[in-house]
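Working notes for the structure below.
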Number of protein chains: 2
Amino acid sequence: MQNTSIITIGDELLIGQVIDTNSAWMARELNACGIRVKRRVAVGDVKDDICKALDEELQHADVVLMTGGLGPTADDITKPLLCEYFGGKMVVDQGSLENVQYLFEKIYHRPITERNLRQAEVPDVCKVLVNKRGSAPGMVFEKNGKLVISMPGVPHEMQGMMTTDVIPLLQSRFSSNHIIHRTLVTFGIGESMLADHIQELENSLPQGIRLAYLPNYGMVRLRLTGSGASLPQITAEVEEQFFRLKSAVQQWLITDKDETIEQVIAGLCKERSASVSTAESCTGGYISHLLTAMPGSSSFYNGGVISYSNSLKQELLGVKESSLIAHGAVSEEVVREMLQGILNRARTTFGLAVSGIMGPNGGTPEKPVGTAWVAVGNNEKQLVQKFQFRFDRQRNIHMTSVNALNLLRQFIVQLDK
Amino acid sequence: MQNTSIITIGDELLIGQVIDTNSAWMARELNACGIRVKRRVAVGDVKDDICKALDEELQHADVVLMTGGLGPTADDITKPLLCEYFGGKMVVDQGSLENVQYLFEKIYHRPITERNLRQAEVPDVCKVLVNKRGSAPGMVFEKNGKLVISMPGVPHEMQGMMTTDVIPLLQSRFSSNHIIHRTLVTFGIGESMLADHIQELENSLPQGIRLAYLPNYGMVRLRLTGSGASLPQITAEVEEQFFRLKSAVQQWLITDKDETIEQVIAGLCKERSASVSTAESCTGGYISHLLTAMPGSSSFYNGGVISYSNSLKQELLGVKESSLIAHGAVSEEVVREMLQGILNRARTTFGLAVSGIMGPNGGTPEKPVGTAWVAVGNNEKQLVQKFQFRFDRQRNIHMTSVNALNLLRQFIVQLDK
């Protein structure tokens, strides 16, 4: 089985100014077609460091994918370096030149600069991959039967090139082992309790099948991975073990797919032709962002209110001033009134309301930072729960949001019983 | 100057199920105290791969920081491996044992398991770092004058340990060169145009000062980095060049700090004791999430409406049915009415309204995917602009949001003129 290494290039990765999302995306796509990623390395815009990384990764892997260091500005040094490394000289690539000219004339409507034109220059020892989403071409080099593929670092340019060129090239070149993943998601049980609970099952997994625990914001994803030469055989084996795993964790299971809690909500609503609206205070739009980040969310999500100030809670949701005075904005009474308010205004099947204190300031001894009240329900029935988290602001917002969505999930599922 | 390598461990990093945010955080913190990160490597939960990575990174660097692979579950293999690598044997660490017992009894209120107790076992050849935010201890090993420090992979546990133990240890151990960064942000000019515009300045930078271009969602951050033994000297040199850079990019400059567009808005509002409300359709709460993710945002942000459906545009914002029929929800007329509606309801100094088509579906020849109308203003004056993006849904939402916030910034700044 072939091994792949990913090298990402850029000083910004090493001083932490940006988070490397490219390698995660690449790894996921490669893995999905049975191509194994063995290592990921990030180095700065330093010629010697890039060369050493190339040397080493060519030892570790059969394919080295590089991203970054190909933009038009002067901190980009990858292309001349690759030219030297593979012993070529720079020439103008006609396809890339036409692409750059097309982009600037027809799409960007901006004057083309010398710098941009230079992007069409490539080493004469590579196969060029035309960049359909930008001006920097990709390059495929070969050395001792191993492949080095250099791509731009702009995510959507790299993604386009991976999808249309790189993955098909790798698939046609290597007949790789099949890798099958099956993932389920649990909510409300810690990683070690879960591990104790399914220890026997884990120990009895057949060879070639592995279990991984992926904890994330109150959820633990359990992933079974099987690898083998025969696709039908490894699929059947993984399915059998996945069925055992599902039964073992039934009481905490929220989905037997690799999906998010908002995708679970979307699925439940679409099955029932139901709609949802939200009234958010402390989560400040994060719940609605999670819901609307999914394509097609308008089929079940109507929208809602971000009643961040008390006056908007009254004005838009009809929360009573007396309730705010008597109980405060973070209280069962107010969150119930917020829910009723959004159900009255949006007239959706289900509603969800949240009010809390996310920190770092604003806590009191009675209502410390991390307190969140959540109400979910419809016009007949409501479910209200208080949560207490102990994290920083960002994590408190995230935890409150996924727990609110999970409470809504519980409410919808219980209606059927 | 000492070099640091970061090794992150976990199969989930290599199949792309999670994005590695730990190394970016670590790199940023280390850099801020003058400790240079040379390489970042990610490997799977495979003993041989972890050992080889350790071998190699000890060649590249003086300090190797490791995260991950220390949790209570069976896919964690790092601790026994480190024990073997450094030739020790496993013993129970009393401090870590008391910490685990304390956490489960007083904080988690959960029964303690054998697995959790085993977390208190450490190699007898390391210095133990007690984990104040979780049960897995950190470990410091030394070999030929080089340091290997292993930390848990849970972000807030690693962050606590870095802050209280690891960074002070590294600082006391190595007298490092001082590194100074100064960053500004431009909006509305491409990377190559910008590079052409400031080419002379870049070429004339003194030795020891570098310029980097960091493009990100319609903005380009320009970062000057200086490095030197004398802190006052390198600070003064960087300041001088930063002043030149600022003057050169004045017309696109949105801030001379390393901050986001939402932080710029927060600053402008706080200076003026002004308030903001939002009416979002296509961005679905992402703008309000950006604003409320900042601590203290309630001092200028009142909240708003996510009028995802047409009926909520009418019900909550008073958009006229006739406007929706005549012009459609994605139109100048509707976005103007949304703005007026939120200003009427929220009574804030400024308002912002957005309506568009983010894709992948819903586009028409007249209003293709990526069309977004934005209106910003106050009760006296409005500024309306149409944008056309060409990306995927997620990126269209992000681009619409930052461009809407930038339009609001322009509006506020123009009021002073």
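All chains are named by letter (A, B, ...) in the order of the sequence lines, taking the proteins before the strands, and each is independently numbered beginning at 1. Keep in mind that this is a model prediction, so the values were computed, not measured.
Salt-bridge annotation for B:Asp45 and A:Arg223: absent, with no side-chain N of the basic residue lying under 4.0 Å from a carboxylate O of the acidic one. Taking a cutoff of 4.0 Å between a charged side-chain nitrogen and a carboxylate oxygen, B:Arg115 and A:Asp196 qualify as a salt bridge.
Using modelled atom types, no side-chain atom of A:Arg345 and backbone atom of B:Leu316 make a donor-acceptor pair closer than 3.5 Å.
With sequence neighbours excluded, the residues that form a side-chain contact (heavy atoms from CB on, under 4.5 Å) with A:Thr348 are A:Ser275, A:Ser277, A:Asn302, A:Leu343, A:Ala346. Taking B:Tyr301 as the reference, A:Tyr308 meet the ring-ring contact (aromatic ring centres under 6.0 Å, His included) condition, with sequence neighbours excluded.
Nearest heavy-atom pair, B:Ser192 versus A:Asn116, reported as atom, atom and distance to 0.1 Å: OG-ND2, 2.9 Å. Across all their heavy atoms, B:Ser297 and A:Arg393 have their closest contact at OG-NH2, 3.5 Å. Of all non-hydrogen atoms in B:Arg40 and A:Asp20, the two that sit nearest each other are NH2-CB, 3.7 Å. The nearest pair of heavy atoms linking B:Ile306 to A:Ile306 is CD1-CD1, 3.5 Å. Here the closest heavy-atom approach between residue B:Pro295 and residue A:Pro360 is recorded as CB-CD, 3.5 Å.
Counting heavy-atom pairs closer than 4.5 Å to chain A, the top-ranked of the candidates B:Arg390, B:Met294, B:Glu56, B:Arg395 is B:Glu56. Options B:Met193, B:His181, B:His60 differ in how many heavy-atom pairs under 4.5 Å they form with chain A, and the most are formed by B:His60. Across A:Ala279, A:Gly285, A:Ala27, the residue that shares the most heavy-atom pairs under 4.5 angstrom with chain B is A:Ala27.
Of the atoms belonging to B:Phe391, it is side-chain heavy atoms, and not backbone ones, that fall under 4.5 Å from chain A. Only the side chain of B:Leu312 comes within contact range of chain A, with at least one heavy atom under 4.5 Å from a heavy atom of that chain. Residue contact with chain B, scored on non-hydrogen atoms closer than 4.5 Å, is absent for A:Asn310.
Here the side chains of B:Thr292 and A:Met358 are not in contact, with every heavy-atom distance at 4.5 Å or above.
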